[in-house]
There are 2 protein chains.
Amino acid sequence: MKDIARRAGVSESAVSFALNGRPGVSETTRARVRRVAEQLGWRPSTAARALSGEGAATVGFVLARAADTLGVDSFFLQLVSGIQEVLAERHLGLLFQVAEDVADECAVYRRWWAEHRVDGVLVVDPRAEDPRPDLLDELGLPAVVIGGAPDVRHQGLSTVWADDAGAMASVVDELTRLGHRRIVHIAGLPGLAHTQRRIATLRAEAERRGLTEVRSVTTDYSDAEGAAVTRRVLGGSPPPTALIYDNDVMTVAGLAAAAELGFRVPQDVSLVSWEDSALCRMVTPRLSALSRDSAEFGRTAARELLALLDGDAARAVGVPVPRLTGRGSTGAARRT
Amino acid sequence: MKDIARRAGVSESAVSFALNGRPGVSETTRARVRRVAEQLGWRPSTAARALSGEGAATVGFVLARAADTLGVDSFFLQLVSGIQEVLAERHLGLLFQVAEDVADECAVYRRWWAEHRVDGVLVVDPRAEDPRPDLLDELGLPAVVIGGAPDVRHQGLSTVWADDAGAMASVVDELTRLGHRRIVHIAGLPGLAHTQRRIATLRAEAERRGLTEVRSVTTDYSDAEGAAVTRRVLGGSPPPTALIYDNDVMTVAGLAAAAELGFRVPQDVSLVSWEDSALCRMVTPRLSALSRDSAEFGRTAARELLALLDGDAARAVGVPVPRLTGRGSTGAARRT
DNA sequence: TGAAGCCACTCAAGCGCATTAGCAGTTGGC
DNA sequence: GCCAACTGCTAATGCGCTTGAGTGGCTTCA
C-alpha cells in the first residue's frame with residue numbers, strides 16, 4: 001500500500017479509503033489508486049486485515065469421522081464443492097480439518113477461536129446429544145449446522161435442514177403402494193440426529209398405516225455392516241420384502257449379499273438407497289435412490305453462513321425434499 | 001500476552017521468549033509464564049504471528065476437477081486425511097479449494113501468495129505440460145508435487161512419486177503369467193503425467209515381451225466412459241482377454257458392461273483395477289486391484305512439505321510400489 | 001579494585017492494514 | 001463578510017506479536 005500511495009501521489013490512508021470503497025476520496029483519485037493497485041497486482045494481506053479487526057476471511061469445516069470410513073462417501077466432496085462455490089465469490093478461504101471424534105472436533109473449534117483463525121464454521125453430522133452448538137454459542141463463533149433439525153434453539157447458529165421425515169414418508173408411501181408390508185430400514189450411525197429422525201418417522205408412518213413388521217437397524221454406514229445386516233434380516237422368516245438403506249455404499253453391499261442368498265432384486269426383495277450417486281447407476285439392477293443435490297446443500301449452507309457473518313439473525317432454512325428416483329431395484333411385493 | 005506479562009510480572013518480550021522456547025529467560029520464569037498462559041488458555045493469534053514474519057501456519061491444497069467428477073473418487077479424501085494427520089501435529093491449517101481447471105488453480109496460487117495466506121502448497125494431478133511448477137518456482141512458494149515424476153527440475157519443489165512403471169510392469173507380469181496376450185489398458189485423463197507414464201510403460205513392456213495386441217485408451221475416469229470403452233473393446237474381434245482400468249469406478253462400470261455383453265469374469269475376460277477401495281470388495285466377483293496406501297501417500301507428502309518449510313532442500317521421495325491384490329476378477333486366459 | 005563479560009530481562013520499533021482525529025481549502029447561507 | 005458546513009485529504013494510533021538493541025546487576029579474573 002505504501003508503494004501504491006507513493007505512485008499515486010497520495011497518503012496510505014487515501015489508498016485504504018479508495019480501495020475499500022469508503023468515502024473520503026474523490027472519484028478521480030479513487031480510480032487512479034485502483035489503477036495503480038491493479039498494475040502492481042496488489043492484494044491485501046489477510047494477516048494484516050485480520051489483525052486490524054476485519055476477521056480472518058476464512059471459514060472452518062471439520063469432518064469428524066474415522067479415517068477409514070472417509071473414502072467411499074460421495075456426499076462430502078460434493079458438499080464441500082458447493083460450499084466452495086459460494087465462498088469463492090467473496091474470496092473467503094475454507095480451512096479444512098479431519099478430526100477423530102466430536103471431542104477432538106470441539107478442541108479444534110476452541111483452537112481456531114483462540115487463534116482467530118476463522119470467522120465462522122460449518123458443522124456437519126449433528127448428533128442427538130451434541131456438545132457443539134453449546135460450545136459454538138459460548139465461543140460466539142457464527143456457525144451453520146448442516147442437516148440439523150429445523151428448530152433454532154441457539155441464537156448464533158443457523159440450520160440448514162433436509163426434510164428427512166417427508167422423504168421417509170414418501171418412500172414408505174411408494175413401497176406400500178407396491179404392496180410391501182414387511183420393511184427393514186438399515187440405518188446409519190445411531191448417534192446422528194438424522195438417523196433418529198428417520199427411525200422415528202418410519203415408526204410413525206408404520207403405525208399410521210397399521211404395518212406391524214417394520215423396523216430399523218442401526219449400523220456404522222460401512223459396506224461390511226450393510227452386507228452383514230442384510231444377510232441377517234433376509235435370513236429371518238418371513239423375510240422382509242423391502243429394504244431401505246441409509247447410504248449408497250450399504251445398498252450396493254446389501255445387493256451383493258442378497259444375491260448370494262439367492263434373493264432376486266426386485267422380484268424377491270426391493271432395495272432403496274437414501275443416497276444417489278454414480279454407484280447406484282453402476283450395479284445391476286440399477287438402484288432406486290433418493291436423489292438430492294448435495295452441492296446445492298453446500299451452497300445453501302455457505303450462503304447462510306455469509307448472511308450470519310453479515311450480521312443477519314440466525315435462522316433455519318430447508319432444502320428441497322429428496323425425490324425418489326425409481327430404477328430397477330424396486331418392484332411390486334411378492335405375494336406371500 | 002499483555003495479560004500474561006502483567007500476571008507473571010515480566011515484560012511482553014519475556015513472555016514471547018518464554019513461550020517460544022527462545023533463550024533470554026531463566027527456566028523458572030519460563031515455567032511461570034507457561035503456567036499463566038495455560039491458565040488463561042492463551043493461543044497466539046495467527047494473524048499477528050503472520051504479520052510479524054512468522055508465516056501463515058497454513059498450507060494450501062487445490063483440487064482442480066470438474067464438480068461432477070469429484071464425488072466418486074475415494075482417493076482424495078484418504079489423501080487429505082493423511083495430510084491432515086501430519087499437519088495437525090504442528091498445528092498447521094489446511095486451506096482447501098476446489099478449482100475449475102489448471103488456469104483457475106494457478107490464479108488461486110497467485111492470490112494465496114499475494115495475500116500471504118499460505119506457507120506452501122501441495123499439488124496434485126501433475127500434467128504433461130504443467131504450468132504450475134514454473135509458477136510456484138517463480139512465486140517462491142514451497143510446494144510438493146504429489147504423484148509427479150522422480151526427476152527434480154525445479155529447485156523449490158519436492159516430489160512424492162509413485163512407481164507407476166514398476167506397478168504396470170508387475171501387472172503385465174502377472175497377466176502374461178496367466179496366459180493373457182491381448183490386453184487393453186483403459187486409462188484416465190490423457191493430460192495427466194501418470195497416465196502417460198503408465199501408457200508408455202505398458203507399451204515398453206509389451207514390446208519387450210513381443211505382445212502385439214496390447215494398447216491403451218484414455219478416458220475421463222467416469223463410470224460412463226469406463227462402461228462405453230469396455231463395450232467397444234469387447235466388441236472387437238478377437239476381443240482382449242484382460243482389461244486394466246486406471247481407477248476403481250471404471251472397473252466396476254466395466255464389470256457391469258462386460259456382464260451385459262455376456263462376458264463372464266474372469267473366465268472370458270480378466271479385470272484389474274488400479275485403485276483399491278471398498279468398491280472393489282463390494283461387487284461380484286470381487287475385483288483384483290492394485291493396493292496402495294493413499295493416506296500414507298498424503299502423510300509422506302505433508303512430511304516433505306514440512307521439511308521444505310524447515311529449510312531443507314527439495315528432493316524426490318518414492319512411496320512403496322502398489323501391490324496387486326488378486327481377487328476374483330483375474331484368472332487364466334481363455335484358450336483361443 | 002576495576003574492567004570485562006554474561007545473564008536475564010526491558011524497550012521500542014515494526015509487520016500491513018483500518019480508522020479516528022484533524023487540517024487546509026472551498027462553498028453556502030444569512 | 002463572517003461563520004458553519006462540507007470536501008478531500010494527511011497524520012497518528014493501534015491490532016498482537018517478534019526481535020534487535022539496549023540495560024542493570026552479578027560474576028570472574030587480572
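Values reported hereafter were calculated over all heavy atoms of this structure, with side chains retained and with hydrogens, waters and symmetry mates removed. In what follows, chains carry the letters A, B, and so on, assigned in the order in which the sequence lines appear, proteins first and then strands, with residues in each chain numbered from 1. Computed from a predicted structure; not experimentally measured.
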A.B. asks: State, yes or no, whether a side-chain contact exists between B:Val123 and B:Glu105 at a heavy-atom distance under 4.5 Å.
C.D. replies: yes
A.B. asks: Any donor and acceptor pair, going by atom type alone, linking the side chain of B:Ser16 with main-chain N or O of B:Glu12 inside 3.5 Å?
C.D. replies: no
A.B. asks: More than 12 foreign heavy atoms under 6.0 Å from CZ of B:Arg7: is that the case here?
C.D. replies: no
A.B. asks: Hey, which sits more toward the 5' end of DNA chain C by its nearest nucleotide, B:Leu51 or B:Gly9?
C.D. replies: B:Gly9
A.B. asks: So, the side chain of A:Asp119 versus the backbone of A:Val59: is there a donor-acceptor pair under 3.5 Å, distance only?
C.D. replies: no
A.B. asks: Does some side-chain heavy atom of A:Val25 sit less than 4.5 Å from a side-chain heavy atom of A:Val33?
C.D. replies: no
A.B. asks: So which protein N/O to nucleotides 17-19 of chain D N/O distances come out below 3.5 Å?
C.D. replies:
unit_1 : atom_1 : unit_2  : atom_2 : d
D:dC17 : OP1    : B:Trp42 : NE1    : 3.0
D:dC17 : OP1    : B:Ser45 : N      : 3.4
D:dC17 : OP2    : B:Met1  : N      : 3.3
D:dT18 : OP1    : B:Asn20 : ND2    : 3.0
D:dT18 : OP1    : B:Arg49 : NE     : 2.8
D:dT18 : OP1    : B:Arg49 : NH2    : 2.9
D:dT18 : OP2    : B:Ser16 : OG     : 2.8
D:dT18 : OP2    : B:Asn20 : ND2    : 3.3
D:dT18 : O4'    : B:Ser52 : OG     : 3.4
D:dT19 : OP1    : B:Glu54 : OE2    : 3.3
D:dT19 : OP2    : B:Arg22 : NE     : 3.3
D:dT19 : OP2    : B:Arg22 : NH2    : 3.1
D:dT19 : O4     : B:Ser13 : OG     : 3.2

A.B. asks: Which angle, to the nearest 10 degrees, lies between the helix axes at the two ends of the helix from C:dT1-D:dA30 to C:dC30-D:dG1, each defined by five pairs?
C.D. replies: 50°
A.B. asks: Figure out the CD/C1' separation between B:Glu27 and C:dC7, and round it to whole Å.
C.D. replies: 13 Å
A.B. asks: Determine whether B:Thr58 and B:Leu94 make a side-chain contact, defined as any pair of heavy atoms from C-beta on separated by less than 4.5 Å.
C.D. replies: no
A.B. asks: Using atom CD of B:Glu115 as one end and atom C1' of C:dC15 as the other, report the distance to the nearest whole Å.
C.D. replies: 17 Å
A.B. asks: B:Ile4 CD1 to C:dT10 C1': how many Å, rounded?
C.D. replies: 17 Å
A.B. asks: Just to confirm, is there a sub-4.0 Å distance from OP1 or OP2 of D:dA11 to any side-chain nitrogen or oxygen of A:Ser11?
C.D. replies: no
A.B. asks: Got A:Val319 and A:Glu296 here, is their nearest side-chain heavy-atom distance under 4.5 Å?
C.D. replies: no
A.B. asks: Answer yes or no: are there more than 12 heavy-atom neighbours, outside B:Glu100 itself, under 6.0 Å from its atom CD?
C.D. replies: no
